[in-house]
Amino acid sequence: MIDKNHQRKGYGKAAMNLALDFIRTWLSYEPGNDVSRKLYQSFGFVEAEKMPEGWDEIPAVLKL
C-alpha cells in the first residue's frame with residue numbers, strides 16, 4: 001500500500017516488480033503437496049538442495 005501523498009510516482013509499480021522478481025526466483029510448498037510441486041516444476045523451479053533448519057515447507061528456486 002502506498003500512502004495517498006506518494007501515489008502516482010511509480011512506487012507501486014516498482015514494489016510490484018520487486019515482489020514478482022522475488023517470487024520468480026524462490027518459493028516454498030508443504031511436503032506432500034504434489035500438485036504444487038508439479039506446477040512449480042513445470043515453470044522450471046527445482047527443490048533447494050538444503051532445507052533451512054526449522055522449516056516445515058520445501059523451498060524451491062528457479063534456476064535462471
Side-chain angles (χ1 to χ4, degrees):
M1 295 172 56
I2 305 298
D3 182 272
K4 185 177 181 178
N5 296 320
H6 298 285
Q7 292 178 0
R8 300 209 165 265
K9 295 180 181 179
Y11 297 132
K13 187 178 278 188
M16 183 61 78
N17 281 325
L18 288 171
L20 291 173
D21 286 345
F22 180 75
I23 291 168
R24 286 185 186 112
T25 58
W26 182 91
L27 50 75
S28 64
Y29 52 92
E30 293 186 18
N33 187 340
D34 291 332
V35 173
S36 290
R37 181 179 55 81
K38 289 177 184 177
L39 173 66
Y40 300 145
Q41 285 178 344
S42 75
F43 283 94
F45 284 87
V46 295
E47 291 182 4
E49 295 178 15
K50 189 175 181 183
M51 184 182 290
E53 187 175 326
W55 276 42
D56 59 352
E57 292 189 345
I58 298 170
V61 295
L62 182 60
K63 300 288 184 171
L64 302 175

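- Residues Ser28 and Glu57 approach most closely at OG-OE1, 2.5 Å, considering heavy atoms.
- Leu62 and Leu20 fall into different hydrophobic clusters, where Ile, Leu, Val, Met, Phe, Trp and Tyr are joined by side-chain heavy atoms under 4.5 Å apart, directly or via other members.
- To the nearest 0.5 angstrom, Lys9 atom NZ is 9.0 Å from Asp3 atom CG.
- For the pair Glu47 and Tyr29, the minimum side-chain heavy-atom distance is below 4.5 Å.
- Closest approach of Pro31 and Ile58 over heavy atoms only: CA-CD1, 3.7 Å.
- Within 6.0 Å of the NZ atom in Lys4, the count of heavy atoms belonging to other residues, nucleotides or ligands does not exceed 12.
- Counting only residues at least two apart or on different chains, the salt bridge (charged side-chain N to carboxylate O under 4.0 Å, His left out) pairs with a member in residues 29-43 are Asp34-Arg37.
- Taken together through direct or relayed side-chain contacts under 4.5 Å among Ile, Leu, Val, Met, Phe, Trp and Tyr, Ile23 and Val46 form parts of separate hydrophobic clusters.
- Hydrophobic cluster membership is shared by Trp55 and Tyr40, with clusters built from Ile, Leu, Val, Met, Phe, Trp and Tyr side chains linked at under 4.5 angstrom.
- Grouping the Ile, Leu, Val, Met, Phe, Trp and Tyr side chains by contacts below 4.5 angstrom, directly or via other members, places Phe43 with Val61.
- Rounded to the nearest 0.5 Å, atoms CG (Leu27) and CZ (Phe45) are 4.0 Å apart.
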